[in-house]
*Asks:* 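Just dropping this structure here.
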Amino acid sequence: MSDYRPQEIEKKWQDRWRETRAFEVKVDPSRPKFYCLEMFAYPSGHAHVGHVRNYMIGDIMARMKRMRGFNVLHPFGWDAFGLPAENAAIKNHTHPETWTFDNIAHMKGQLQRLGISYAWEREIATCQPEYYRWNQWLFTRMFEKGLAYRRRSNVNWCESCATVLANEQVVDGGCWRCGTPVVTRDLEQWFLRITAYADELLDALPTLTDWPEKVLTMQRNWIGRSVGARVRFPIAEGVTPTTEAIEVFTTRIDTIYGANFVLLAPEHPIVERFAAESPDPAAFRAKVAAFRALDRTARLTGEIEKEGFATGRYVINPFTHTPVPVWIANFVLGEYGTGAVMAVPAHDQRDFEFARKYDLPVTVVIQPEGGTSEGDELTDAYTGDGVLVGSGSFSGLSTDEARTRLTAEAAAHGIGEATVQYRLKDWGVSRQRYWGTPIPIIQCEVCGLVPVPDADLPVRLPTISEFTGRGDSPLAHVAEFVNVPCPRCQRPARRETDTMDTFVDSSWYYYRYCDPTNESLPFDPATVAYWGPVDFYSGGVEHAILHLIYSRFFSRVFRDVGLVTIDEPFTRLLTQGMVLRHGAVMSKSKGNVVDPDDMITRFGADALRLYVMFVAPPEKEVEWTDTGLEGAYRFLGRVWRAADHLIPAVADAPAPDGLAFDADEKRLRRATHRTIDRVTRDIDPRMHLNTAISAVMELVNDLYAFCDIRGIKPGARDDAPPPAIARPEAAAALREAIEALVRLLSPFTPHLSEELWERLGHDDGVVAAGWPVFDAAAAAEDEIEIPVQINGKLRARLTIAAGASDEATREAALALPAIQTHLAGAEVVKTIVAGGRLVNIVVKASKG
RNA sequence: GCCGGGGUGGCGAAACUGGCAGACGCACGGGACUUAAAAUCCCGAGUCGCGCAAGCGACGUGUGGGUUCGAUUCCCACCCCCGGCACCA
């Protein structure tokens, strides 16, 4: 018998897990698999408790599933490429690789001290050539399929990070990493054609039934499919159409008879020609330039005054056959749709405001159900559905029907067609930085863009010593890297010097864990067929539209190159809440981080794990409190004292089967088995880890209450003699409770549980022992206490045999003295007996 | 504006299918042990009123209505907080 000394037992078990490679697994088709994964970590240096909460959540799941007989894959690794390593190199003159691996070593130690049950043999770091070689391999496959392509375009540029950002990486107009406002640059860039999968990515969302609604909504918004039509408005010479046309995209073709003018984005290709052909090209161009110079962020977020000017040109509305003016407007986006819109001021709020501002006509073509309106009288656009008016032969149709009919009509005349437009753009993956995967392409003057042959992969990142952080891609300055013969014609050629976005690395790492050392393929298809998909994936919600949409895309690319057969990589997703301190997210700059190592030193990893899991459900944010952690530590001391002190007294206890338990012992056994049931369901599927822990706490309280009644003193000091327990039945019930308790707690507090389990005389560990088995008979109540209400107000409690008939329950309730008192002089209207749960007597108040 | 989540004691929270609101814990108060303190063990506690007391009563889950024998839970309207999207035609 001894005190609870977490530092000793935690070290002991962590050493043992490492020595026995306790969490290593292999493919075993005879057992059900469970792939449990937490989003891997960027090796920033130190993990704080906000980061490690996520690893704890996954570990609870992994450890519980292991005990329940699953073959559990629970790996970990490092998202090891990225800018901070390079920035640190610039600042401290250390090589990014040194910085990265030093950080990995430190953080790995932190995770091991937390007792997270990772299969460390499978650890990967994405900056290793053995890993990024397969980024290059897949990029080549995508290039071959036309899914990776290069084009010049306006891209998002972060001045501070000196690199391009994908659309997904622009948050509120700023860089997702550093917040610097994003500017536009015109660059030659590599793109991955995620839009080829846009429909599939959207349509499969409803199959993700175990994802949070919030994430599904965010992805749906991000993909932003809108169904509409393209319609061509011929450019007019006077009032006659020419053969040239401006094409618009609209979701409201039903309003086309009310299209009073057409608006062009300042970036629209025809703008320059209109300028050149205008009476005063210089003034025209100046106005366009002013629009284009508007702050990009403000333009995208709509925080600008809507302005425009007439080009002096007209197009013919192809349905009304009347000329309408063409304006250039600052709020029309060049990169969406066709960069031109038909403006229907009566039925679009933006167009309405624009028309009123510049005194343009407003023609009503949709009447709301039962209402009428005139363009002159409108104070707002009517954007709802209704019935068409003033729309030629289409008048009288519903908006819904009109959309179909007008689209068909346009198609029949070759002036338009149905089309689908996405907000989602192709993924720009070129980065003008060093610490990333080299893009495996060689540019030859004769052959064009030629992929590096698979046999020559990986294209290794050359070691460079100078990091300036200035200007273009660092690799462009490494002559030996850049100047290579063309793989096809052997003439001198140049290597691509940009590196890949690090989100490429994280888009498929979960498959690599299944087969992390494969040297001939990214992974063996049969191995991934066994382990995949990830059954339980947890991480921060900040990846809802970055990592999680890219991964769904990559998983499909792997499917289409024949390496996997599933569509969706993650079956169940949990987005964990952040840990706050003083109301703010922990960050080094705010100086409010809690270092897990400090807490482990003071209270042990088990107490830290228990506290973080107990304080709130996993999805919720939590506020860190030291007193809460102390409470968890106190509780574990209480568990330790009960278990360790009683072990000698219960060591020889008989098995519970067939024993004649008395009332107290039965009550304890009931508590034990009810707790097993509750904890089991609370962890999986409910993931209410906080209530699972409170159920265990209640069992501990019940155990102490039992000891109190029997005069057993588990809380006695170290030097007290072990208590004697007279009845073998009592010892049996106690041992059963302790053994259940230790195992129910073991996903949360693995070190403490293993230690107590060993001290209880088992030498094969809690995993081998398995999850405690619920015994419904032992959990059953003989008698139950149910509330008795009068008119919904609690008036008395009734103790009655479990399973009593409704009639017997009713009579017993009515006979209670407290009920009799309340019923005096009242008339019972009816009595509701909710089987075994409640009695409610409905009365009418007596008059007078 | 649209979408999603939420609002419950001093605090973190619980209540699974409409059935005892506040489990469990933190902080707090009392008792036992101790020369004393810490630790530990036991007990108490939503608010208000009456009572010396055991107890009794009223009120109580953001606000207002509704459905129901019964509502934290379902419906309608509204207020507030958090997250996401947003001039996307």
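Chain identifiers are assigned alphabetically (A, B, ...) following the order of the sequence lines, protein sequences preceding nucleic acid strands; residue numbering begins at 1 within each chain.
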*Asks:* For a quick check under 3.5 Å, do A/Asn156 and A/Gln169 share a side-chain donor-acceptor pair by atom type?
*Replies:*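 Checked: A/Asn156/A/Gln169 side chains show no N/O donor-acceptor pair below 3.5 Å.
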*Asks:* Between B/rA27 and B/rC11, how far is it from one P atom to the other, in whole Å?
*Replies:*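 Between the two P atoms, the distance is 15 Å.
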*Asks:* What's the gap between B/rC28 and B/rG9 when it is taken at their C1' atoms, as a whole Å value?
*Replies:*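 These two C1' atoms come out 13 Å apart once rounded.
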*Asks:* Which residues pass the side chain to side chain contact (heavy atoms under 4.5 Å, CB included) test with A/Ala584, not counting sequence neighbours?
*Replies:*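 A/Lys590, A/Asn592.
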*Asks:* Between A/Arg350 and B/rC88, is there a contact of a side-chain N or O with OP1 or OP2 at under 4.0 Å?
*Replies:*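 For A/Arg350, the contact criterion (side-chain N or O under 4.0 Å from OP1 or OP2 of B/rC88) is met.
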*Asks:* Give A/His347 one of three labels, base, sugar-phosphate or nothing, depending on what nucleic acid heavy atoms sit under 4.0 Å from its own.
*Replies:* nothing
*Asks:* Need to verify one output field. Residue with the more 5' nearest nucleotide on RNA chain B, A/Thr338 or A/Ala632?
*Replies:* A/Ala632
*Asks:* Taking for each residue the nucleotide of RNA chain B bearing the nearest heavy atom, is the 5' side occupied by A/Glu698 or by A/Glu213?
*Replies:*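 Upstream on the strand: A/Glu213.
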*Asks:* Please give the distance between the C1' atoms of B/rA71 and B/rG64 as a whole number of Å.
*Replies:* 15 Å
*Asks:* Under 4.0 Å, counting only non-hydrogen atoms across every strand here, what does A/Gly224 touch: a base, just sugar-phosphate, or nothing?
*Replies:* nothing
*Asks:* Between B/rA27, B/rA15, B/rA14, spot the one nearest the side chain of A/Arg686, thanks.
*Replies:*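 That would be B/rA15.
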*Asks:* Strictly under 4.0 angstrom, non-hydrogen atoms only: write out the protein contact profile of nucleotides 66-74 of chain B, one letter per nucleotide from the 5' end, B, S or -.
*Replies:* ---BS----
*Asks:* Heavy atoms only, 4.0 Å cut-off, all strands: where does A/Pro212 land among base, sugar-phosphate and nothing?
*Replies:*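 No contact at all - A/Pro212 keeps every heavy atom at 4.0 Å or more from the nucleic acid.
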*Asks:* Just to be sure I understand the rule, does A/Asn701 reach a base, reach only the sugar-phosphate, or reach nothing, if contact means heavy atoms closer than 4.0 Å?
*Replies:* sugar-phosphate
*Asks:* Would you mind reading off the distance between A/Asp682 atom CG and B/rA15 atom C1', rounded to a whole angstrom?
*Replies:*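 Checked: the CG to C1' distance equals 12 Å.
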*Asks:* Name the closest nucleotide to the A/Leu333 side chain, picking from B/rC20, B/rA89, B/rA14.
*Replies:*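 When the side chain of A/Leu333 is considered, B/rA89 is the closest of B/rC20, B/rA89, B/rA14.
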*Asks:* Distance check needed: B/rU40 P versus A/Leu646 CG, whole Å only.
*Replies:* 17 Å
*Asks:* Please check the phosphate of B/rC41 (OP1 and OP2 only) for any side-chain N or O of A/Tyr704 closer than 4.0 Å.
*Replies:*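 Checking A/Tyr704 against B/rC41: at least one side-chain N or O falls below 4.0 Å of OP1 or OP2.
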*Asks:* Is A/Asp806 salt-bridged to A/Arg810, going by a charged N under 4.0 Å from an acidic O?
*Replies:* no
*Asks:* Can you tell me if the side-chain N/O atoms of A/Arg678 get under 4.0 Å from OP1 or OP2 in B/rA23?
*Replies:* no
*Asks:* When the C1' atoms of B/rA21 and B/rA45 are compared, how many Å lie between them, rounded to an integer?
*Replies:*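 Approximately 16 Å lies between the C1' atom of B/rA45 and that of B/rA21.
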*Asks:* Tell me yes or no: between the side chains of A/Tyr422 and A/Asp199, is some donor less than 3.5 Å from an acceptor?
*Replies:*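 A/Asp199 and A/Tyr422 do have a side-chain donor-acceptor pair below 3.5 Å.
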*Asks:* With A/Asp254, which residues qualify under salt bridge (Lys or Arg N to Asp or Glu O under 4.0 Å), at least two apart?
*Replies:*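 Expected list: A/Arg252, A/Arg403.
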*Asks:* Measuring to OP1 and OP2 of B/rC88, would you say a side-chain N or O of A/Arg225 lies under 4.0 angstrom away?
*Replies:* no
*Asks:* Under 4.0 Å from OP1 or OP2 of B/rC85: is there any side-chain N or O of A/Arg423 that close?
*Replies:*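 No, no such contact exists.
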*Asks:* Sequence neighbours excluded, which residues qualify as salt bridge (Lys or Arg N to Asp or Glu O under 4.0 Å) partners of A/Asp682?
*Replies:* A/Arg686
*Asks:* Please give the distance between the P atoms of B/rA58 and B/rA38 as a whole number of Å.
*Replies:* 42 Å
*Asks:* Identify whether NZ of Lys or CZ of Arg in A/Arg638 sits under 6.0 Å from the centre of the six-membered ring of A/Tyr704 and within 45° of that ring's axis.
*Replies:*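 A/Arg638 over A/Tyr704 ring: yes.
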*Asks:* Distance check, P atoms only: B/rG6 and B/rC16, in whole angstrom units.
*Replies:*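 It comes out at 13 Å once rounded to the nearest Å.
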*Asks:* For A/Arg634 and B/rA38, give me the distance from atom CZ to atom C1', rounded to whole Å.
*Replies:* 12 Å
*Asks:* For A/Arg638 and B/rC42, is the shortest distance between a side-chain N/O and OP1 or OP2 below 4.0 Å?
*Replies:* yes
*Asks:* Using the P atom in both, what is the distance from B/rG62 to B/rG10, to the nearest Å?
*Replies:*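 Those two atoms are separated by 14 Å.
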*Asks:* Could you tell me whether A/Glu781 and A/Arg674 have a side-chain N and a carboxylate O separated by less than 4.0 Å?
*Replies:* yes
*Asks:* Considering only atom P, compute the distance from B/rG60 to B/rU73 and round it to an integer number of Å.
*Replies:* 14 Å
*Asks:* Can you tell me whether the base of B/rG30 sits syn or anti, using the 90° cut around 0 to define syn?
*Replies:* anti
*Asks:* In this structure, which one of A/Phe261, A/Phe352, A/Phe309, A/Trp327 forms a ring pair (Phe, Tyr, Trp, His ring centres under 6.0 Å) with A/Tyr358?
*Replies:* A/Trp327
*Asks:* Can you see if the side chain of A/Thr217 gets near the phosphate of B/rC85 - specifically, an N or O under 4.0 Å from OP1 or OP2?
*Replies:*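 For B/rC85, neither OP1 nor OP2 has a side-chain N or O of A/Thr217 closer than 4.0 Å.
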*Asks:* I'd like to know if A/Arg837 reaches the base of B/rC20 with its side chain, counting only an N/O donor and acceptor under 3.5 Å.
*Replies:*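 Counting by modelled atom types and ignoring angles, no donor-acceptor contact under 3.5 Å is found here.
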*Asks:* Would you mind checking if A/Glu417 and A/Arg232 are paired as a salt bridge, meaning a charged N to carboxylate O distance below 4.0 Å?
*Replies:* yes
*Asks:* Between P on B/rC3 and CG on A/Leu205, what's the gap in Å once rounded to a whole number?
*Replies:* 18 Å
*Asks:* Hey, does the side chain of A/Lys793 come within less than 4.0 Å of B/rC59's phosphate (OP1/OP2), counting only N and O?
*Replies:* yes
*Asks:* Just N and O in the side chain of A/His688: are any of them under 4.0 Å from OP1 or OP2 of B/rA23?
*Replies:* no
*Asks:* What integer distance in Å separates A/Met687:CE from B/rC16:P?
*Replies:* 19 Å
*Asks:* May I have the distance from A/Leu629 (atom CG) to B/rA27 (atom P), rounded to whole angstrom?
*Replies:* 11 Å
*Asks:* Select base, sugar-phosphate, or nothing to describe what A/Arg795 touches, counting heavy atoms under 4.0 Å on all strands.
*Replies:*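 The answer is sugar-phosphate, as A/Arg795 gets under 4.0 Å only of primed atoms, P, OP1 or OP2.
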*Asks:* Taking 4.0 Å as the cut-off, does a side-chain nitrogen or oxygen of A/Lys214 come that near to OP1 or OP2 on B/rC3?
*Replies:*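 Answer is no, no contact under 4.0 Å.
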*Asks:* Expected output check: what is the dot-bracket annotation of RNA chain B, where ( ) and [ ] are pairs inside the strand (brackets for crossing ones), | is paired with another strand, and pairs are Watson-Crick or G-U under 3.5 Å?
*Replies:* (((((((..(((......[....))).(((((.......))))).(((((....)))))..(((((..]....))))))))))))....
*Asks:* Among residues at least two apart in sequence or on other chains, which ones pass salt bridge (Lys or Arg N to Asp or Glu O under 4.0 Å) with A/Glu811?
*Replies:* none
*Asks:* May I have the distance from A/Glu619 (atom CD) to B/rG6 (atom P), rounded to whole angstrom?
*Replies:* 10 Å
*Asks:* Students often get this wrong, so: under 4.0 angstrom with heavy atoms, is A/Glu785 touching a base, only sugar-phosphate, or nothing?
*Replies:* base
*Asks:* Is it the case that the side chains of A/Asp385 and A/Thr399 hold a donor-acceptor pair, with the cut-off being a distance below 3.5 Å and no angle test?
*Replies:* yes
*Asks:* Nearest to the A/Ser694 side chain among B/rC20, B/rA23, B/rC16, which nucleotide is it?
*Replies:*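 Between B/rC20, B/rA23, B/rC16, the one nearest the side chain of A/Ser694 would be B/rA23.
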*Asks:* Salt bridge or not between A/Glu305 and A/Lys357? Use side-chain N to carboxylate O under 4.0 Å.
*Replies:*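 Salt bridge between A/Glu305 and A/Lys357, a charged N being under 4.0 Å from a carboxylate O: yes.
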*Asks:* What is the separation between atom CD1 on A/Ile819 and atom P on B/rC56, rounded to the nearest whole Å?
*Replies:*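 Whole-Å distance recorded here is 12 Å.
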*Asks:* Verify the contact: side-chain N or O of A/Asn690 to OP1 or OP2 of B/rA14, cut-off strictly under 4.0 Å; return yes or no.
*Replies:*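 The answer is yes; a side-chain N or O of A/Asn690 sits under 4.0 Å from OP1 or OP2.
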